[in-house]
Amino acid sequence: MEENQEIRPESPEKPKMATDNLTNAQASPMKEAATPSNTELNSGKIDKDFAAADLNPTPAEKLQPSESDEGVDLPSISESLGEEESSDLVTEPQFQNPNPLEPGPRARKRRRRKRFFTEINANPAFPRNRRNSVGKELDSEAITAMSVGFPVNSLTEEEIEANVVSIIGGKEQANYIVVRNHIIALWRSNVSNWLTRDHALESIRLEHKTLVDTAYKFLLEHGYINFGLAPVIKEAKLRSFDGLEPPNVVVVGAGLAGLVAARQLLSMGFRVLVLEGRDRPGGRVKTRKMKGGDGVEAMADVGGSVLTGINGNPLGVLARQLGLPLHKVRDICPLYLPSGDLVDVGVDSKIEASFNKLLDRVCKLRQSMIEEIKSVDVPLGEALETFRLVYGVAEDQEERMLFDWHLANLEYANATLLGNLSMAYWDQDDPYEMGGDHCFIPGGNETFVHALAENLPVFYGNVVESIRYGSDGVVVYAGDKEFSCDMALCTVPLGVLKKGGIGFVPELPEKKKEAIQRLGYGLLNKVAMLFPYNFWGEEIDTFGRLTEDSSTRGEFFLFYSYSSVSGGPLLVALVAGDAAERFETMSPTDSVKRVLQILRGIYHPKGIVVPDPVQALCSRWGQDKFSYGSYSYVAVGSSGDDYDILAESVGDGRVFFAGEATNKQYPATMHGAFLSGMREAANILRVARRRASESASNLAK
Ligand SMILES: Cc1cc2nc3c(=O)[nH]c(=O)nc-3n(C[C@H](O)[C@H](O)[C@H](O)COP(=O)(O)OP(=O)(O)OC[C@H]3O[C@@H](n4cnc5c(N)ncnc54)[C@H](O)[C@@H]3O)c2cc1C
């Protein structure tokens, strides 16, 4: 399925690498406080010389200049595109700025709705008399902890389950939170170091040693500190099973979730084996090297591409440890009419504002629906269309096309038609969204994958068919091979679970089977094109195009330029919604022809020549038997709870589940997959300890 074909080499011009520098001290999302508020910080008990080190939330990361499935054959592309299409090219390539906009349109991010947290100083947990230097440090540390997903003045469910304090609420909890925040900030200030408990203790009064011990242990075992790919961290081994036979775990799937979990379990002292059906690691993260004549080449992400929010993002930590610069996706996205003309900036802003207002109205409506008639849900698409008609939004042709573009953008973010999305819960993860800029990694996300997979016992080409589990252990079956283990971790995509790709014996509980069916799993596809030179300009990372026909609104509606990060003049066109489904039945040649037609429609009227690509790739995530789609979404009738049900282990702690579709807070993302792997490694450790102590007490009887 994965072949590429050269098209027509022309004299390439290598683009210059652009570098943007970002700081992370920006707005982050606020995770809603789950437990008590107004807990007083006991300033007398916390050493005033708290951490003299730079405790910047996430110290400025050097940012610099990627995106992507499985590529497909482009069998006859050179013949069909070569001569005939180039005959109407009139001039030599001209390097013009196709869009000298000033001021430019605003950012269009993968996710529409962002809630930035309110100033932490306004939080009642930090009384006014604490607005001094210690207070500022505490604030700064709290911001760092919040960016990682910890509430300001309460405990997470994980912390409660881990019994980090004896009583929920009160002074002990308030002090624990300060200590926990301090340890997180201390490690985040230098993620290439192994933070020791003693180092953490240095800046905290000895009387809080127990709290430091508890917080340090919790953060370490749950992968909030000392994780990743720095040499000292990779070499570290925890002694979780001193004097005991370490349990063995089979991890199914070597995507981000499986790789992260396997690494963490190995460092905890487990014996681990990873079974992967494909012949490569990474799963839905896949970077293809594209190459044409005359040395033009680029790395194209055909699966997960954008780090959607860098603050607190564990992939941002890996980038720092690996010395990878990040490239901020720039906040400018010109939109073009079918004529090739630029959309009027005023009309663009007006329709974007109307679109957001309609979404807010839908959210208010659902709030009252949820309060009154709990079980009723309707498709988000229907609600939006009804509101559009009622409020008379986007009635003329250009406005309607713009409105459709925003709908396509939402279908891209959710990988499905708006008609499939739950009006009640489609954005249930918004409160947790990672804050900060959206970024690319130069060279593509496989850099992370290869570094994570290094030296891991991954056995490729092992397609798991069934998992048998019981009180005495688990057997994983792949072809004619059987793998016996104490516990198994299943990280296969929701698409594979929906298709019954893995049989469970005994069957999964009804509750889990129903959640698998209810939760949505959608489709997004990409066409990656390597051109002989950059004709769209170096100053933009995205541009979009409108269509007259609503039913094709998701067809190549958004282009990502990877010129500044991929190593070559690479454009990636996105196909969302209905168009993503139809795209899978089109021949790659026809798809690429269609994209070129669109690009020429935009650039030729400006006198800019659009050459044939030297290589092109089309993804087919829907036909990929190791994925059957792109990522999860909240379907009509489903809710965020289904993510939690998918994450539940079965067989009294024998089979565990990770992967993006098990992460209620961060679904459909690379960091969501990463964090789910960490979460399950901690759960497996907890169950292994429980079993070890049960068998010790049985022996003692
Ligand atoms: C087109 C596209 C664009 C995306 N864009 C973004 C983005 O910009 N930003 C972002 O954050 N996220 C994005 N994502 C989502 C992100 O890539 C995924 O959420 C994440 O990579 C999922 O990781 P995972 O470990 O949960 O699953 P996977 O990566 O799918 O890993 C599961 C592994 O299990 C293996 N497997 C499946 N069945 C079997 C079997 N029977 N036996 C053995 N092995 C099996 C698979 O081969 C795979 O390697 C995108 C995804 C796609 C497809």
Side-chain angles (χ1 to χ4, degrees), residues 22-61 114-156 159 164-165 169-191 195 199-205 208 211-212 215-216 218-219 224-225 309-313 316-317 431-437:
L22 285 187
T23 55
N24 290 319
Q26 296 177 1
S28 311
M30 171 136 100
K31 192 165 175 176
E32 250 128 61
T35 32
S37 56
N38 276 333
T39 45
E40 288 277 308
L41 290 173
N42 190 336
S43 59
K45 296 200 171 187
I46 301 291
D47 197 313
K48 298 226 181 204
D49 292 321
F50 240 62
D54 175 16
L55 297 173
N56 231 2
T58 17
E61 297 189 10
K114 286 206 149 282
R115 282 182 208 161
F116 297 116
F117 68 81
T118 47
E119 276 279 285
I120 193 153
N121 287 357
N123 195 289
F126 299 93
R128 233 172 248 153
N129 63 6
R130 305 257 319 119
R131 311 281 103 228
N132 51 29
S133 65
V134 175
K136 277 188 192 141
E137 274 177 17
L138 297 181
D139 288 358
S140 154
E141 293 177 353
I143 291 172
T144 305
M146 277 168 64
S147 74
V148 179
F150 286 93
V152 179
N153 54 7
S154 59
L155 304 177
T156 62
E159 289 178 302
V164 293
V165 293
K171 213 180 258 182
E172 184 196 11
Q173 175 175 307
N175 283 328
Y176 164 84
I177 289 171
V178 173
V179 169
R180 168 252 267 163
N181 294 352
H182 176 63
I183 296 175
I184 294 171
L186 205 51
W187 184 66
R188 288 259 170 173
S189 69
N190 185 357
V191 294
L195 177 70
H199 186 181
L201 250 177
E202 275 169 21
S203 41
I204 297 175
R205 291 223 308 247
H208 295 299
L211 282 182
V212 173
Y216 183 85
F218 171 83
L219 295 170
Y224 291 108
I225 57 167
I310 198 64
N311 293 352
N313 194 321
V317 170
Y432 313 104
E433 204 176 36
M434 292 274 168
D437 290 305

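Residue numbers count from 1 along this sequence.
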Closest non-hydrogen atoms of Val179 and Ala215, given as atom of the first, atom of the second and distance, are CG1-CB, 4.1 Å
Using the ring of each side chain (for Trp, its six-membered ring), is Phe218 parallel, tilted or perpendicular to Tyr224, with breaks at 30° and 60°? parallel
Looking only at heavy atoms, the pair that brings Ala200 and Ile183 closest together is CB-CG1, 4.1 Å
Next item on the list: Measure the shortest side-chain to side-chain distance between Pro151 and Met146 over non-hydrogen atoms and say whether it is less than 4.5 angstrom.
Entry: no
Checking Val212, Val178, Leu211 against Ile204 for side chain to side chain contact (heavy atoms under 4.5 Å, CB included), the one that qualifies is Val212
Heavy-atom nearest pair, Ala145 first then Asn181, reads CB-OD1, 3.1 Å
Looking only at heavy atoms, the pair that brings Ser154 and Ile177 closest together is N-CD1, 3.5 Å
For Ser189 and Leu186 the tightest heavy-atom approach is OG-O, 2.6 Å
Any non-hydrogen side-chain atom of Val148 less than 4.5 Å from a side-chain atom of Ile184? yes
Exercise. Evaluate the side-chain proximity of Asn311 to Met434: yes if any heavy-atom separation is below 4.5 Å, no if none is.
Key: no
- Message: Is the shortest side-chain heavy-atom distance between Phe150 and Leu155 below 4.5 Å?
- Response: no
**Message:** Please check this pair: side chain of Tyr216 against backbone of Leu195, looking for a donor-acceptor N/O pair closer than 3.5 Å.
**Reply:** yes
Separation between CG (Asn175) and CZ (Arg180), nearest 0.5 Å, reads 12.5 Å
Does Glu159 use its side chain to pair, donor to acceptor, with the backbone of Thr156 at less than 3.5 Å?
yes
